[in-house]
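Structure first, commentary second.
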Amino acid sequence: MIRLICYLMGGKYMKAANFSYYEAKNIQDAIKIKANDEEAVILAGGQSLLPALNMRLSSPSCLIDISKISGLNDIIIDGDYLFIGALATHSDVMRNEIVSQKMPCLIDILKMVAHPAIRNKGTHGGSIAYGDPAAELPALAVATNAEIILSGQNGDRSINANDFYLGLFETAINQDEIVVGIKYPLLKQGQVFLFDEVCRRHGDYAMAGLIANIILSSNKVNDLKLVFFATGDKPDVADKTAKLFLQTGYDYDQLKNSLSSEIDFAGDLNSSSEMKLHLATILIKKIINKLEA
Amino acid sequence: MDDIKVNQNPKLGSIDRPNSYIGRSLPRENAKKHLDGGGQFVDDLTLPRMVHVAFLRSPFAHAEIKSIDTKTAKLSDGVIDIFTAKEIDEVCKPWVGVLGHLGEMRSPEQSPLAKKIARWQGEPIAVVIANSRAQAEDALELIEVDWLEKDAQVDMETALDPNAVIIHPELGNNLFWTRTVNQGDVDKAFKEADAVVETTLDFARHTGVTLESRGIVADWNKAENKMTIYHNGQAPHMMQHIIAKHLDLNEGLVRIISRDVGGSFGIKVHVYPDEMAVTAISKKLGRPVKFIADRLESFTTDIHARCHKISGKLGVDKNGKILAMEIDDLSGIGPFSMYPRTSAIETNQVLNLSGAPYVIPNYKAVGTVVFQNKTPMCQYRAVGHPIAVAITEALIDKAAYKIGMDLDKIRKINFIPDNSYPNKSPSGVPLEDLSHQASMDKLLEIMDIEKFETKKKDDYQKGILSGYGVISMCEVTNPSPLFYGVGGAHISSQDGASIRLEGSGAIHLSSSITEQGQGTEAIMKQIAADQLGVKLESVRVTLGDTDATPYGGGTWASRGAGIGGEAVLKAARKLKDNILNIAAAIMQTDKESLDIEDNNVVRKNGGEGISLQKLAETVYYRGHEIPKGTNPELLATASFLIEGIPFVFTNSAMGCQVSIDQDTGIIKINKFWAVEDCGTQINPKLVEEQIRGGVIQGIGGALFEECVYDDQGNMQNATMADYLVPMAYEMPDIIVDHVTTNSGRSIIGAKGAGEAGTGGAPAVIMNAINNALKQVGAEVISQPITPEKVLKALGKI
Ligand SMILES: Cc1cc2nc3c(=O)[nH]c(=O)nc-3n(C[C@H](O)[C@H](O)[C@H](O)COP(=O)(O)OP(=O)(O)OC[C@H]3O[C@@H](n4cnc5c(N)ncnc54)[C@H](O)[C@@H]3O)c2cc1C
């Protein structure tokens with residue numbers, strides 16, 4: 001993303017264009033402003049938005065700062081779900097007792113998201129709402145069939161993550177809506193979420209990553225959902241390949257063929273599409289090795 | 001903290017006496033200031049009536065500027081004026097980046113702002129002057145430029161082809177400089193060799209990525225005809241000369257102040273068009289003007305380095321003795337040779353340094369440097385070394401594999417023996433006081449190299465490819481006038497120090513060497529206090545101000561300790577002599593019976609002495625009490641320069657052990673070892689910081705860093721998110737050890753230590769990776785060695 005900008009600008013800008021700033025007192029307040037100004041954007045932790053503004057990739061009219069709204073960073077058990085409030089920072093989530101008991105893989109995942117300083121500011125909701133195709137959390141939400149809770153002028157609605165990501169940085173959020181939280185279904189008996197990724201440096205966006213939602217019965221993989229990230233324009237679900245794996249086990253060539261027909265791998269500076277296809281195939285093996293260990 | 005290293009330099013006296021600071025790892029005092037946020041960087045400075053600038057830069061690698069319309073932009077909020085080349089050229093004369101001592105160099109005139117044609121993406125073409133940087137950037141958007149995009153010559157390998165785009169038509173082709181070195185008869189020797197090996201290596205462009213970006217505040221004072229420049233550079237006196245020359249000012253009335261500088265690595269020792277424009281704007285407007293490069297600007301306008309393709313050939317006899325080496329190097333330097341050091345030096349170093357640790361009776365080297373439409377390239381930490389060392393050491397490993405010899409053994413039998421100096425490199429460069437044999441022995445001992453062959457085999461059984469490498473290298477340090485001055489550049493190879501005892505008893509020291517974070521100030525203090533016999537905390541240091549320090553070259557080419565340190569030593573000894581003369585007169589005894597310890601003049605045989613404070617008070621306030629005819633000078637100044645040889649060389653031996661994930665191509669450096677011989681270590685901890693920091697930069701070059709360009713010459717990764725530098729997780733344990741061979745050129749005996757890590761690490765890492773890959777018949781030859789390149793080499797993709 002960032003490289004696209006400097007390509008276009010020839011390295012011209014490092015200061016944001018003028019914008020107005022609005023500190024929202026509560027959710028309704030934020031929604032009202034957003035509904036009335038098409039060019040206003042939500043500011044949460046600012047870790048993705050501010051660099052984009054400074055390079056003048058976008059010049060919104062107004063930043064609606066939601067970071068001061070209280071009650072948006074709860075982490076609680078809500079029936080059969082683990083609910084994480086939009087403003088919980090990555091660090092909040094990593095340190096949370098409930099998360100470590102109910103969804104330990106989330107902590108492993110967040111360890112790979114950026115670096116401590118960024119994790120202290122970057123928010124769970126911001127990452128889900130931004131929908132960077134290379135980010136871990138959108139893929140996790142899709143892999144676990146999480147519900148994304150949106151608040152708008154007509155009240156709250158819930159949308160399944162599988163229907164939320166539409167394309168490159170494109171989501172089902174309406175103009176008047178903000179993400180208020182994410183509901184992850186609690187693990188069932190025999191269920192595990194496993195995660196792995198390959199990056200050039202620790203904390204970088206991955207060259208390819210995989211989150212697997214696995215149902216085991218009598219120590220065998222009974223059902224499997226594979227969601228890849230950093231491979232295409234949004235979290236890539238590979239159902240066909242998962243099915244193939246259930247039938248034939250790990251066979252590099254077969255799975256690679258299947259993945260290449262199922263996912264439109266888009267290369268970037270650090271890895272060509274061919275490399276991503278290879279790594280995606282390897283990641284299945286790595287996940288299985290983890291499962292066995 | 002106070003670990004005492006055995007002082008192996010008898011000229012410095014015993015380490016067990018009071019105030020013996022040379023050789024001790026003392027904490028550096030100025031680190032506290034930075035931890036406390038109390039540094040003073042250029043951007044911290046705000047002057048009354050100061051204005052800010054933003055540059056309009058070419059978005060194209062090569063394009064004609066048909067017209068620039070600034071009318072609307074001038075009306076933008078806060079804009080004071082907008083200048084193009086026309087206005088800037090009225091006050092600033094162009095420059096040419098050539099020197100006279102290295103054969104013919106051809107580079108055209110360069111002005112601060114491009115005139116009709118922009119020749120790299122990022123070249124400045126117009127500048128907005130406004131009340132704030134943000135306002136200046138707002139106005140940039142409103143400048144209308146009618147561009148005519150031209151074909152760009154991006155690839156250096158086709159730059160000399162008949163159908164290449166000629167970047168400077170007046171030169172006829174894209175050749176900047178070429179040089180051939182020919183010693184002995186390589187062709188004959190290759191025929192006689194039992195084994196001949198060849199390889200071609202590729203090095204991507206990378207850049208210095210200083211934590212603090214380039215910055216300048218220029219303040220023209222019309223009434224005094226005085227130009228004051230606050231600049232985060234490395235060589236204040238060089239800048240003083242250049243700014244005076246090109247702005248037609250009285251050089252004596254140009255003052256350069258370089259306070260804290262957040263890293264430089266050679267990036268900040270060159271003359272940049274945008275910075276020259278800032279000085280011209282101040283001259284025109286009569287106001288202070290600030291420019292701080294942002295990160296995008298840094299990536300596309302700070303000098304790049306290391307864009308080389310080099311092929312090499314090595315011939316050995318069946319016992320492993322090297323008979324001949326031949327290299328052919330091509331480098332692309334962007335559209336201009338940088339001023340004033342030129343962009344020929346990196347290639348020149350490759351030619352001079354390849355094969356330097358070894359006896360190679362027949363040596364031929366050809367270097368070709370061409371223009372291309374990319375960011376200008378010039379000298380960056382360890383200039384040319386990574387290329388020279390990598391080609392030499394890759395060839396030696398190949399020869400060892402071919403004749404079935406151990407990697408350490410083939411090196412040992414070919415080293416120029418430690419007891420044979422003064423000697424010459426294969427290219428004919430004079431070498432002295434080196435210790436390749438002792439350093440390699442020490443390296444093998446601390447690495448425990450025997451265990452790696454076993455480990456490698458065990459790993460292989462487990463499906464892990466692991467490998468190791470060892471290398472030896474020479475590092476250019478402490479250059480003499482034969483480096484730049486002889487070619488016509490006003491770059492001082494001499495440095496000065498001035499030291500005084502003040503009325504309070506405090507010692508003030510000033511030096512022409514500058515500090516960019518490496519600890520210059522700390523070692524200067526240690527030398528002065530040690531030689532004078534005073535407590536460390538009583539010495540105050542001033543650096544980086546042409547009005548306040550002696551004249552000199554500044555900090556580059558690892559010259560601070562060896563040249564600047566010697567000047568401090570000599571000045572301190574002179575001052576001590578003056579003090580003792582005065583004390584002897586006051587105490588009515590002979591000077592030889594006195595010494596200085598802990599800020600007191602003491603009698604060697606016991607008895608009452610006199611404190612420096614008392615002595616100073618007597619001299620300054622009650623001068624009538626000292627006997628007539630006594631020289632009352634409590635101030636001493638000394639200079640030093642290296643004479644008779646082009647450089648003082650340092651040597652190092654390095655080793656590393658790596659493992660490779662065959663599935664992902666990810667390389668892990670498990671451990672790194674470096675043995676450095678930099679002569680006297682004034683502060684061993686600072687030497688080790690230099691080695692470690694250098695090694696990390698070398699890891700960057702070997703595995704991560706690359707300025708990626710597309711076919712049109714657009715830089716693709718000009719952000720810190722996309723340009724990868726190694727971070728904490730990517731840093732292995734680096735074990736540093738030393739061999740000490742003092743330089744015979746000075747009393748202090750110190751050589752440089754700043755660049756070996758950067759120069760040697762890429763070679764040893766590549767050798768270790770290839771040592772691992774060899775087990776499956778694979779090889780990598782292009783840096784950075786990315787996971788994708790590894791997987792391709794393994795045939796996985
Ligand atoms: C150097 C660096 C490395 C990084 N590495 C990774 C990584 O490896 N993996 C990874 O996943 N992320 C990474 N990130 C991104 C980081 O996780 C971000 O913090 C996160 O993606 C966005 O969260 P934020 O709170 O900072 O959002 P902001 O930057 O404030 O906002 C991002 C976008 O989301 C919108 N938004 C934010 N909150 C809401 C909301 N509640 N409702 C509706 N819209 C909203 C904003 O309008 C904006 O468009 C990295 C960031 C940096 C700077």
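Side-chain atoms are counted along with the backbone in the values below, which use heavy atoms only and exclude waters and symmetry mates. So that the names make sense, note that chain A is the first sequence line, chain B the second, and so on, each numbered from 1.
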Select one option (side chain, backbone, both, neither) describing which atoms of [X] are under 4.5 Å from chain A's heavy atoms.
{"X": "B:Ile797", "answer": "both"}
{"X": "B:Leu703", "answer": "backbone"}
{"X": "B:Leu724", "answer": "both"}
{"X": "B:Glu730", "answer": "side chain"}
{"X": "B:Phe704", "answer": "both"}

Under 4.5 Å from a heavy atom of chain B, the part of A:Ser272 involved:
both
Is it the side chain or the backbone of A:Asn270 that comes within 4.5 Å of chain B heavy atoms, both, or neither?
both
Mark yes when over 12 heavy atoms from residues, nucleotides or ligands other than [X] sit less than 6.0 Å from its [atom1]; otherwise mark no.
{"X": "B:Asp69", "atom1": "CG", "value": "yes"}
{"X": "B:Lys789", "atom1": "NZ", "value": "yes"}
{"X": "B:Tyr729", "atom1": "OH", "value": "no"}

Select, from A:His278, A:His115, A:Glu274, the one with the greatest count of heavy-atom pairs under 4.5 Å involving chain B.
A:His278
Derivation of the side-chain contact (heavy atoms from CB on, under 4.5 Å) call for B:Ile68 and B:Thr70
CA-CA 6 Å; B:Ile68 304 181; B:Thr70 60; 3.9 Å; yes
Does B:Glu705 come within less than 4.0 Å of A:Arg200, counting only side-chain N to carboxylate O?
no
Would the A:Tyr250 and A:Phe245 ring centres measure less than 6.0 Å apart?
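Between A:Phe245 and A:Tyr250, which both carry aromatic rings, the centre distance is not below 6.0 Å.
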Considering non-hydrogen atoms only, spot the tightest contact between B:Ile666 and B:Pro787 and give its length.
CD1-CG, 4.0 Å
Could you please spell out the steps behind the side-chain contact (heavy atoms from CB on, under 4.5 Å) verdict for B:His206 and B:Tyr723?
CA-CA 9 Å; B:His206 46 112; B:Tyr723 181 95; 2.9 Å; yes
Using a heavy-atom distance cut-off of less than 4.5 Å, which residues of residues 205-214 of chain A contact chain B?
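Residues A:Met207 are the ones that qualify, each having a heavy atom under 4.5 Å from chain B.
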Using 0.5 Å steps for rounding, measure from the CD1 atom of B:Ile303 to the OH atom of B:Tyr272.
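Reported value, rounded in 0.5 Å steps: 5.0 Å.
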Checking ring-ring contact (aromatic ring centres under 6.0 Å, His included) for the pair B:Phe55/B:Phe291: CA distance, chi angles, key distance, verdict?
CA-CA 9 Å; B:Phe55 289 91; B:Phe291 165 65; 5.0 Å; yes
